[in-house]
Protein chains: 2
Amino acid sequence: MSHDRLECAAQIRERGFRVTPQRMLILDAICEGKEHTTFDEIYDRVQAKAPGINQATLYRTLDFLCELHLVVSAEIDGRAVYEIAGETPHHHLVCHACGAIQELPDFHFHELRSHLLREHGFKADISHLALTGLCPQCAESER
Amino acid sequence: MSHDRLECAAQIRERGFRVTPQRMLILDAICEGKEHTTFDEIYDRVQAKAPGINQATLYRTLDFLCELHLVVSAEIDGRAVYEIAGETPHHHLVCHACGAIQELPDFHFHELRSHLLREHGFKADISHLALTGLCPQCAESER
DNA sequence: ATTACTGCAAAGGATTTGCATGTGA
DNA sequence: TCACATGCAAATCCTTTGCAGTAAT
């Protein structure tokens, strides 16, 4: 299920909600960022196209899109980042020394996920995780 | 290395910092909670014994203790939780439906950790993770 | 005697909320 | 039409900061 803007619109309507220009603009702004996008980036992009849009609307819309699972969010040092859902799921390695971010494919979590389900009955929602640590460069210079 | 209050005090002194009654009270308050403890719980416990202690001090002290790795923190739905470090490292499974929290031993992450190091050169700091999902009961009632 | 630490109060920043207005279905 | 969405402004919540006074070593 790859979610482009049209599919998202369909999904929204299907579930009984309304497709508004604001919502589409916000979806577009998230799509524009190839990777995860911060609140401020989204806000700026939307402002560029439609200077009227309010921050509160953006907060509400992002929550809304996350609840519909059209967008996924992760926390990177205290700030939320957003991404269109449905692309190949992946995660991030965040260096807490230099801030570099590396992508981590989802398959690393396949085993953990099924193990948790089998052994603990826990249906983990590991859809967009950010792990912190030291990137190769910083790990090197640290010793 | 099991960190009780005395060892913590020794560690603090050893590294050139000062052992103050506030710090000890805060360490005690964290120890009192068998599991992870929220900011507010710690604050209340400390207040009960020493009504003078300031929130700013608590914030600063918690940061301080985390930096010394005497305490570890994790984020559970947007709020930090704290725990004495050095006990057997473990993680948490948090049900986002009912809020139930289950412990998850660290060994589940051994492989992931060494894999990240080998394949990506990334030295992941997975010391106290909180994974969200659905606990057995909620997963059941959901369908 | 130093200088780290604390308390206080104020500032800061992010997110939420209430309510009137607007608009998609 | 009418419930859902939005804009606006104020409120709220969490956390940080500056500074003056206190206390651990």
Side-chain angles (χ1 to χ4, degrees), chain A residues 5-6 8-30 36-68 70-71 73-82, chain B residues 5-6 8-30 36-68 70-71 73-82:
Chain A
R5 62 197 311 284
L6 289 177
C8 286
Q11 288 268 341
I12 292 172
R13 213 178 326 250
E14 235 169 67
R15 304 202 212 176
F17 299 103
R18 294 181 184 170
V19 175
T20 64
Q22 289 88 338
R23 287 180 175 170
M24 294 315 283
L25 280 169
I26 290 168
L27 276 169
D28 288 345
I30 301 173
H36 42 75
T37 312
T38 64
F39 180 92
D40 292 329
E41 285 165 355
I42 298 171
Y43 185 64
D44 290 345
R45 281 182 203 148
V46 172
Q47 279 296 330
K49 293 186 187 164
I53 287 187
N54 196 274
Q55 292 217 10
T57 303
L58 182 47
Y59 278 113
R60 282 186 284 224
T61 303
L62 288 171
D63 284 355
F64 169 81
L65 295 173
C66 286
E67 260 165 42
L68 263 58
L70 299 175
V71 165
S73 71
E75 194 103 341
I76 292 185
D77 55 37
R79 308 300 297 282
V81 296
Y82 300 89
Chain B
R5 61 197 313 282
L6 289 176
C8 285
Q11 289 267 341
I12 291 172
R13 215 178 324 248
E14 234 168 67
R15 304 201 213 177
F17 299 103
R18 293 180 184 170
V19 175
T20 65
Q22 289 88 339
R23 287 181 176 169
M24 293 315 284
L25 281 169
I26 290 167
L27 276 169
D28 289 344
I30 300 173
H36 44 73
T37 312
T38 65
F39 180 91
D40 292 329
E41 285 165 352
I42 298 171
Y43 185 65
D44 290 344
R45 281 182 204 149
V46 173
Q47 280 295 330
K49 292 186 189 166
I53 287 186
N54 195 273
Q55 292 215 9
T57 302
L58 183 47
Y59 278 113
R60 282 187 285 224
T61 303
L62 289 171
D63 284 354
F64 169 81
L65 295 173
C66 285
E67 261 165 41
L68 262 58
L70 299 175
V71 165
S73 70
E75 194 102 340
I76 293 185
D77 55 38
R79 310 300 298 280
V81 296
Y82 301 89

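Quick caveat: nothing in here was measured; it's all calculated off a predicted structure. Chain A is the first sequence line, chain B the second, and so forth, proteins listed ahead of strands; every chain is numbered from 1.
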Colleague: Nearest-Å distance, CG (B:Asp77) to P (C:dT16)?
Modeller: 12 Å

Colleague: If you take atom types as modelled and just measure distance, does the side chain of B:Arg18 reach the base of C:dC5 with a donor-acceptor pair under 3.5 Å?
Modeller: no

Colleague: Would you kindly check whether a donor in the side chain of A:Arg60 faces an acceptor in the base of D:dG7, or vice versa, at under 3.5 angstrom?
Modeller: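 Donor-acceptor pair under 3.5 Å: yes.
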
Colleague: Taking the side chain as everything from C-beta on, heavy atoms only, tell me whether B:Leu62 gets closer than 4.5 Å to B:Ile30.
Modeller: yes

Colleague: Would you please confirm or rule out a distance under 4.0 Å between OP1 or OP2 of C:dT15 and any side-chain N or O of A:Tyr59?
Modeller: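 Answer yes for this pair, as a side-chain N or O of A:Tyr59 is under 4.0 Å from OP1 or OP2.
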
Colleague: I need the CD1-P distance between B:Ile53 and C:dT6, as an integer number of Å.
Modeller: 8 Å

Colleague: Between B:Gln55 and C:dC8, is there a side-chain N or O to OP1/OP2 distance below 4.0 Å?
Modeller: no

Colleague: Is any side-chain heavy atom of A:Phe64 less than 4.5 Å from a side-chain heavy atom of A:Ile12?
Modeller: yes

Colleague: Students often get this wrong, so: under 4.0 angstrom with heavy atoms, is B:Phe39 touching a base, only sugar-phosphate, or nothing?
Modeller: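 Result for B:Phe39 = nothing.
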
Colleague: Toward the 5' end of DNA chain D, which comes first, B:Asn54 or B:Thr20, by nearest nucleotide?
Modeller: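 Its nearest nucleotide lies further toward 5', so the answer is B:Asn54.
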
Colleague: Given atom CZ of A:Arg23 and atom P of D:dC4, what is their separation to the nearest angstrom?
Modeller: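 The answer, rounded to whole Å, is 11 Å.
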
Colleague: Rounded to the nearest angstrom, tell me the gap between atom CZ in B:Phe64 and atom C1' in C:dC5.
Modeller: 10 Å

Colleague: To the nearest Å, give me how far apart CD (B:Glu14) and C1' (D:dT25) are.
Modeller: 15 Å

Colleague: Give the rounded distance in Å between these two atoms: CZ of A:Arg79 and C1' of D:dT15.
Modeller: 13 Å

Colleague: Let me know which of A:Arg15, A:Glu14, A:Arg13 forms a side chain to side chain donor-acceptor pair (under 3.5 Å) with A:Gln11.
Modeller: A:Arg15

Colleague: Between A:Met24 (CE) and C:dT23 (C1'), how many Å, whole number?
Modeller: 17 Å

Colleague: Could you check how far CD of B:Glu41 sits from P of D:dC14, rounded to whole Å?
Modeller: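 After rounding, the reported distance stands at 14 Å.
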
Colleague: Do you know which of A:Asp40, A:Asp28, A:Thr37 makes side chain to side chain contact (heavy atoms under 4.5 Å, CB included) with A:Arg45?
Modeller: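 Of all the options given, the one that passes is A:Thr37.
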
Colleague: Map A:Gly52 and B:Ala56 onto DNA chain D by nearest heavy atom, then report which one ends up closer to the 5' terminus.
Modeller: A:Gly52

Colleague: May I ask you to decide if the ring planes of A:Tyr59 and A:Phe39 are parallel, tilted or perpendicular, using 30° and 60° as cut-offs?
Modeller: parallel

